[in-house]
Amino acid sequence: MLGNKSVATRDSYGNALAELAKEHDDLIVLDADLAAATKTAIFKKTFPKRHIDCGIAEANMAGIAAGMATCGYVPFMSSFAMFAAGRAFEQVRNSIGYPHLNVKIGATHAGISVGEDGATHQCCEDLALMREIPGMVVINPCDDVEARAAVKAAYEYIGPVYLRFGRLALPVINEEADYRFEIGKGVLLKEGRDVSIIATGLCVSESLEASKMLAEDGIDAEVINIHTIKPLDEEMVTATASKTRRVFTVEEHSVIGGLGSAVAEVLSGKCPVRLTRIGVQDQFGESGPARELIHKYGLDAEGIYKQIKAGI
Amino acid sequence: MNKSELQKKAVEVRKGILTGVYHAKSGHPGGSLSAADIYTYLYFEEMNIDPSHPEDPDRDRFVLSKGHTAPGYYSALALRGFFPTEDLKTLRHTGSYLQGHPDRKHIPGVDMSSGSLGQGFSAAAGMALAAKMQGREYRTYCLCGDGELQEGQIWEAAMFAGHRRLDNLCLIVDNNNLQIDGTVEEICSPYPIDEKFKAFNFYVITINGNDFDEIRKAFDEARQHKGQPAAIIASTVKGKGISFMENKVGWHGKAPNDEEYRLAMEELGEEAAKLC
């Protein structure tokens with residue numbers, strides 16, 4: 001592991017909300033009976049009057065958030081990705097996206113790293129769903145530093161933002177002191193000549209590890225962290241593709257509709273090179289310890305390394 | 001406005017509905033006409049609004065949860081001065097700001113985009129909660145259909161509003177008893193509507209929603225009642241005011257042809273003359 005400590009980005013979400021709320025009276029948090037799990041309970045402890053538990057009713061929560069946004073509040077509506085982006089999709093689309101309201105959707109427990117709860121709770125389709133909504137910003141941070149910065153950036157941005165967080169503790173790879181987050185800007189983590197690895201979220205640190213394994217085999221991989229799936233940093237994606245001519249995308253999400261698709265859409269038009277989309281294939285997840293699942297689905301450093309080796 | 005003035009205004013609102021739908025060659029006259037008296041009362045008597053300040057943070061809010069009856073909503077807004085009545089003829093036209101369903105981004109006076117049934121009531125509850133949290137005095141009104149009560153989200157929002165005792169929130173159910181595929185009883189009965197809302201901790205008032213005396217009494221009572229949100233169950237006639245449209249399922253989502261438009265406007269003209 002790269003960092004000295006590991007933090008789940010859902011904890012970053014709760015901590016960032018509590019921190020931001022000290023300066024901003026208009027920040028409110030909505031939850032759907034999952035405050036302990038989404039970590040909005042951290043916020044609730046300090047700001048109980050600004051924490052609105054809507055009960056187990058995500059569709060209504062989306063509408064409540066929309067209505068409150070029209071009255072000047074900046075609501076962070078929180079639930080698991082499955083329910084925020086999945087169950088409430090049409091509410092997010094029509095009540096938040098269409099009127100372009102200033103609602104932030106904090107979606108935790110994304111991807112297969114949910115672990116033992118299994119497929120019904122492992123949302124691997126949220127990036128695809130949220131990316132489809134016109135005007136929606138879609139962010140998938142890779143560690144604690146980036147996640148907290150993303151929450152702040154989402155607050156400062158005016159308009160709907162989807163924030164994707166995970167349950168599993170991830171190594172902290174960014175340095176707080178010199179980290180700058182900008183919506184829509186990719187982060188070049190390692191320069192390389194032979195292949196490009198474009199990763200997001202949980203798969204960023206794993207991809208960095210994979211690049212070290214590739215280096216031992218004499219393969220010089222460029223590693224890019226795409227924290228903003230939409231708007232995508234097309235310039236950086238095109239630049240790395242034209243440099244290495246061989247691109248691999250890596251995400252803890254279905255290979256249909258997420259980062260891989262977004263990159264394919266750009267490259268097919270601007271720089272058609274061979275692209276391999278590493279991620280969850282067209283399948284549901286399953287129960288098991290998160291780390292074991294990440295390994296089984298080929299999304300740990302070893303799995304990424306093997307798929308890149310096989311693809312070159 | 002007194003009753004007679006309201007009745008005259010309601011005829012104007014109905015003319016606006018017919019004009020909009022006729023020029024659009026599509027749209028929803030039936031449910032717009034059933035709620036025309038409610039729109040009229042809200043915009044000309046009940047609500048604290050100012051067309052010259054449509055964004056005033058202290059204004060009363062209105063959410064049309066049954067967004068397909070936008071022709072009635074737009075007609076009332078135009079007559080109240082939010083935009084020119086002439087623009088009603090551009091309803092549903094390419095490039096017009098008068099979208100088929102309410103669009104808050106482009107239409108002055110529209111507080112929430114709506115149209116996907118069941119969603120507007122949640123947004124209205126959010127506005128009411130915002131008022132409570134901000135210490136503002138404004139009230140939030142929401143109009144939904146009786147068929148719309150089949151949407152589960154209505155009851156999520158009702159549970160939320162009842163639980164939080166949002167007494168600054170007033171839901172009006174346009175109970176015209178008809179939905180696209182038939183009567184609401186035939187399709188999936190929401191009855192008893194009053195008992196359901198009572199069970200969700202609402203203060204329920206049942207009225208004839210096409211009678212201004214009863215409408216006035218209901219809104220006064222709803223405003224004065226504290227500690228619970230209000231639900232006005234307004235029994236109405238779908239297509240109200242146009243004899244050949246009344247209680248006809250077929251007029252839910254159909255525009256009148258030239259002859260039908262002429263007859264409808266003639267009937268409304270006669271009604272207006274009677275009220276003078």
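Labels below follow one simple rule: chain letters A, B, ... track the order of the sequence lines, proteins then strands, and each chain is numbered from 1. The figures here come from the full heavy-atom set of this structure, side chains too, leaving out hydrogens, waters and symmetry mates.
- Using a 4.5 Å cut-off between heavy atoms, Q99(B) contacts chain A through its side chain alone, with no backbone atom that close.
- With a 4.5 Å cut-off on non-hydrogen atoms, R136(B) does not touch chain A at all.
- Side chains of L88(B) and S75(B) form a contact here, defined as non-hydrogen atoms less than 4.5 Å apart.
- Salt bridge annotation for R164(A)-E251(A): absent, with no cationic side-chain nitrogen under 4.0 angstrom from a carboxylate oxygen.
- When the candidates R61(B), R164(B), M159(B), H163(B) are compared by the number of heavy-atom contacts under 4.5 Å with chain A, R164(B) comes out ahead.
- Interface residue I52(A): backbone and side-chain heavy atoms are both found under 4.5 Å from chain B.
- The only member of W155(B), Y203(B), Y191(B) that meets ring pair (Phe, Tyr, Trp, His ring centres under 6.0 Å) when paired with F197(B) is W155(B).
- Using a 4.5 Å cut-off between heavy atoms, Q134(B) touches chain A through backbone and side chain atoms alike.
- Proximity to chain A involves both the backbone and the side chain of A157(B), based on heavy atoms less than 4.5 angstrom apart.
- Within a 6.0 Å sphere centred on CD1 of I187(B), heavy atoms belonging to other residues, nucleotides or ligands number more than 12.
- Shown here is R93(A), whose CZ atom has no more than 12 heavy atoms of other residues, nucleotides or ligands within 6.0 Å.
- For M112(B), the part sitting under 4.5 Å from any heavy atom of chain A is the side chain, from C-beta outward, and nothing else.
- Of the candidates V173(B), L143(B), I172(B), K66(B) forms a side chain to side chain contact (heavy atoms under 4.5 Å, CB included) with just one, namely L143(B).
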